[in-house]
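By convention in this document, chain letters (A, B, ...) are assigned in the order of the sequence lines, proteins followed by strands, and residues within each chain are numbered from 1. The shown structure was predicted, so the numbers you read here are calculated from the model rather than taken from an experiment.
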Number of protein chains: 2
Amino acid sequence: MNRRLTSRGKERRRQLLDFATQRFAENGYHPTSVAEIVQGLGVGKGVFYWYFDGKEQLFLEILREAQQDLRRTQQKAIEGVDDPIRRVELGIRSTMAWSSDHAEYYKLTQFAMTEERFVPALRKGQDVAVKDIIRHVEDGIRCGAIRDTDPLYIAHSILGLTTQLVRVFIHERNVPPAEVAEEAIALVLDGIHAGDRSSVTSS
Amino acid sequence: MNRRLTSRGKERRRQLLDFATQRFAENGYHPTSVAEIVQGLGVGKGVFYWYFDGKEQLFLEILREAQQDLRRTQQKAIEGVDDPIRRVELGIRSTMAWSSDHAEYYKLTQFAMTEERFVPALRKGQDVAVKDIIRHVEDGIRCGAIRDTDPLYIAHSILGLTTQLVRVFIHERNVPPAEVAEEAIALVLDGIHAGDRSSVTSS
DNA sequence: GGAGAACTTGACCGAACGGTCAAGAAGCAG
DNA sequence: CTGCTTCTTGACCGTTCGGTCAAGTTCTCC
């Protein structure tokens with residue numbers, strides 16, 4: 001579906017994307033019908049199919065946009081920083097901030113993983129994220145700042161720990177993202193063991 | 001729906017639960033219809049509604065059983081062990097083993113989080129898991145083996161890191177669970193920083 | 001063997017879904 | 001105003017879904 005859109009058209013498309021995202025996140029993909037989406041905007045059903053091929057394409061579009069936006073945010077956050085540990089730190093911090101601003105997107109990802117047809121789109125995004133982290137981790141290993149373990153494990157550990165803390169503390173408990181980021185970074189860098197190895201945890 | 005079931009009845013119920021679990025995991029909850037489930041067992045539709053109130057109750061039942069089974073496995077694994085770090089370790093190890101044997105449940109959990117009506121059931125299970133971990137963490141803090149950070153953060157960090165490694169390495173890459181457990185434990189205990197603090201990582 | 005409980009059948013139902021489309025309104029360029 | 005594209009309407013369609021139920025079969029126990 002590639003249509004020439006006027007500025008009014010682009011605006012409509014945005015409205016549809018935003019409202020659908022909100023409803024999908026609040027109530028789930030399947031329980032949210034196309035009829036509900038267009039009713040929510042007070043327009044006819046044809047509007048929806050003017051801008052999108054169907055419900056599925058709309059959903060994929062939402063995923064794609066979110067992945068793109070998060071990655072841009074992360075890259076902006078670490079640009080100009082060389083220290084690999086620092087880059088991981090800033091990546092976590094910016095992810096927490098972004099996730100706090102885009103709570104809706106989390107549930108969409110969760111759901112997407114449960115239906116085969118959405119998995120490929122999702123995997124694409126995660127692969128990019130992991131590749132990004134791995135680059136920093138490998139730099140860190142090379143310069144001796146990070147333990148010499150398979151970077152893939154490390155990258156996914158960071159991803160998993162971060163994701164869970166985002167869900168539980170930011171989305172479910174409304175803890176400020178900066179605060180959660182501090183804890184996440186401390187745990188990522190030094191684990192749960194007692195005995196500080198003085199990670200440079202600037203605040 | 002509380003029916004007196006003969007042994008034949010119990011067997012049927014099991015078949016329905018198992019087959020539905022498999023299909024939900026493979027293809028998603030919504031795309032799997034009740035009709036498909038009963039066809040898969042070669043029985044009439046009435047059979048389904050003899051044993052369950054509906055599709056939703058069936059799904060909740062599957063979740064409940066899985067949570068119960070995992071917890072029993074964990075408790076069996078740590079019984080008789082006193083050292084808190086050791087208990088966390090064994091908890092992770094048994095979780096990895098169980099997850100490897102029950103790959104289907106992972107996707108079900110993912111999905112359940114995306115629809116409001118399933119969240120309460122899920123939360124109940126997670127709360128129990130967190131409470132279990134917290135008990136060990138508090139013991140660990142008390143005896144100085146674990147850093148003095150909010151146990152809630154630590155518990156969720158462990159949960160999140162473990163969950164992610166399970167998904168990526170056990171479910172997606174078929175790495176042996178024992179191997180993944182080793183990495184998880186090392187990362188949980190000591191973080192990603194270089195410089196071993198000689199966690200007693202027995203193999 | 002008889003009675004009642006446990007189980008099974010499958011046609012059927014109303015509702016809801018994603019999606020289509022002929023028709024028309026609104027905006028804009030010439 | 002004319003003609004073209006963009007945008008909007010909402011009735012309508014075929015399909016599928018979760019769920020019901022009257023009827024029939026099988027099991028159990030006395």
Side-chain angles (χ1 to χ4, degrees), chain A residues 1-21 23-24 26-63 108 111-112 114-118, chain B residues 1-24 26-63 108 111-112 114-118 121:
Chain A
M1 176 95 5
N2 257 336
R3 284 236 160 76
R4 293 186 40 180
L5 300 181
T6 65
S7 66
R8 176 159 149 263
K10 281 181 200 162
E11 198 176 324
R12 249 296 123 72
R13 205 180 118 93
R14 253 273 69 80
Q15 288 178 347
L16 285 164
L17 282 166
D18 289 345
F19 189 74
T21 300
R23 295 305 300 141
F24 287 161
E26 281 172 9
N27 206 37
Y29 174 80
H30 287 286
T32 302
S33 64
V34 174
E36 185 190 331
I37 294 169
V38 294
Q39 265 172 34
L41 295 183
V43 298
K45 218 175 193 181
V47 169
F48 184 94
Y49 290 95
W50 176 260
Y51 295 100
F52 302 98
D53 283 331
K55 203 186 172 187
E56 185 169 330
Q57 191 231 326
L58 162 73
F59 185 72
L60 290 171
E61 184 65 19
I62 293 172
L63 284 187
L108 270 46
F111 166 75
T114 69
E115 285 191 28
E116 210 47 60
R117 58 188 166 151
F118 295 129
Chain B
M1 174 95 7
N2 257 336
R3 284 239 159 77
R4 294 186 42 177
L5 300 181
T6 64
S7 65
R8 175 159 149 263
K10 282 181 199 161
E11 198 175 325
R12 252 284 177 272
R13 206 179 118 93
R14 255 269 74 75
Q15 288 177 345
L16 286 164
L17 282 166
D18 290 344
F19 188 74
T21 301
Q22 184 193 322
R23 296 304 300 141
F24 287 161
E26 281 171 8
N27 206 38
Y29 175 81
H30 287 287
T32 302
S33 63
V34 174
E36 185 190 331
I37 293 170
V38 294
Q39 264 171 34
L41 295 183
V43 298
K45 218 175 192 181
V47 170
F48 185 94
Y49 290 93
W50 177 259
Y51 294 99
F52 302 99
D53 284 330
K55 203 185 171 186
E56 184 168 331
Q57 190 231 327
L58 163 73
F59 185 73
L60 290 170
E61 184 64 20
I62 292 172
L63 283 187
L108 269 48
F111 166 75
T114 68
E115 285 190 29
E116 210 47 57
R117 57 186 166 152
F118 295 130

Heavy-atom protein contacts under 4.0 Å, nucleotides 15-20 of chain C, coded B base, S sugar-phosphate only, - none: --SBBB
Salt bridge (Lys or Arg N to Asp or Glu O under 4.0 Å) against B:Glu116, all qualifying residues, sequence neighbours excluded: A:Lys107
For B:Phe48, all residues meeting ring pair (Phe, Tyr, Trp, His ring centres under 6.0 Å), sequence neighbours excluded: B:Phe52
d(CZ, B:Phe52; C1', D:dG19) in whole Å: 15 Å
Spacing between B:Leu41 atom CG and C:dT8 atom P, to the nearest angstrom: 10 Å
Set of side-chain hydrogen bond (donor to acceptor under 3.5 Å, both in side chains) partners for B:Asn27, sequence neighbours left out: none
Salt bridge (Lys or Arg N to Asp or Glu O under 4.0 Å) against B:Glu61, all qualifying residues, sequence neighbours excluded: B:Arg13, B:Arg64
Extract all donor-acceptor atom pairs below 3.5 Å that involve side chains of residues 36-45 of chain B and protein atoms in other chains or at least two apart in sequence.
{"from": "B:Glu36", "atom 1": "OE2", "to": "B:Arg23", "atom 2": "NE", "distance (Å)": "2.6"}
{"from": "B:Glu36", "atom 1": "OE2", "to": "B:Arg23", "atom 2": "NH2", "distance (Å)": "3.0"}

Whole angstrom value for the distance that separates P of D:dT6 from NZ of A:Lys10: 13 Å
Touch class at under 4.0 angstrom, heavy-atom based, for B:Val43 against every strand present: sugar-phosphate
Sugar-phosphate only, base, or nothing, as touched by B:Tyr51 at under 4.0 Å among non-hydrogen atoms: sugar-phosphate
Nucleotide C:dT8, atom C1' - distance to CZ of B:Arg13 in whole Å: 17 Å
Phosphate-side-chain proximity, B:Trp50 and C:dT8, N/O vs OP1/OP2 below 4.0 Å: no
Interatomic distance, B:Ile62 atom CD1 to B:Tyr29 atom OH [nearest 0.5 angstrom]: 9.0 Å
OP1 or OP2 of C:dA6 under 4.0 Å from side-chain N/O of B:Arg12: no
Interatomic distance where CD belongs to B:Glu11 and P belongs to C:dC7 [whole Å]: 11 Å
Sequence-aligned protein contact record of nucleotides 22-30 of chain D, with B where the base is within under 4.0 Å of a protein heavy atom and S where only the sugar-phosphate is: -----S---
Partner set under salt bridge (Lys or Arg N to Asp or Glu O under 4.0 Å) for B:Arg14, not counting sequence neighbours: B:Asp18, B:Glu65
Integer-rounded Å distance: C:dC28 C1' and A:Arg4 CZ: 12 Å
For atom CD of B:Glu36 and atom P of D:dT16, their distance in whole Å: 13 Å
Centroid separation B:Phe111 to B:Phe24 less than 6.0 Å: no
Spacing between B:Leu16 atom CG and C:dT8 atom C1', to the nearest angstrom: 12 Å
Residue pairs fulfilling side-chain hydrogen bond (donor to acceptor under 3.5 Å, both in side chains) with at least one residue in residues 49-60 of chain B, sequence neighbours excluded: B:Glu56-B:Arg117
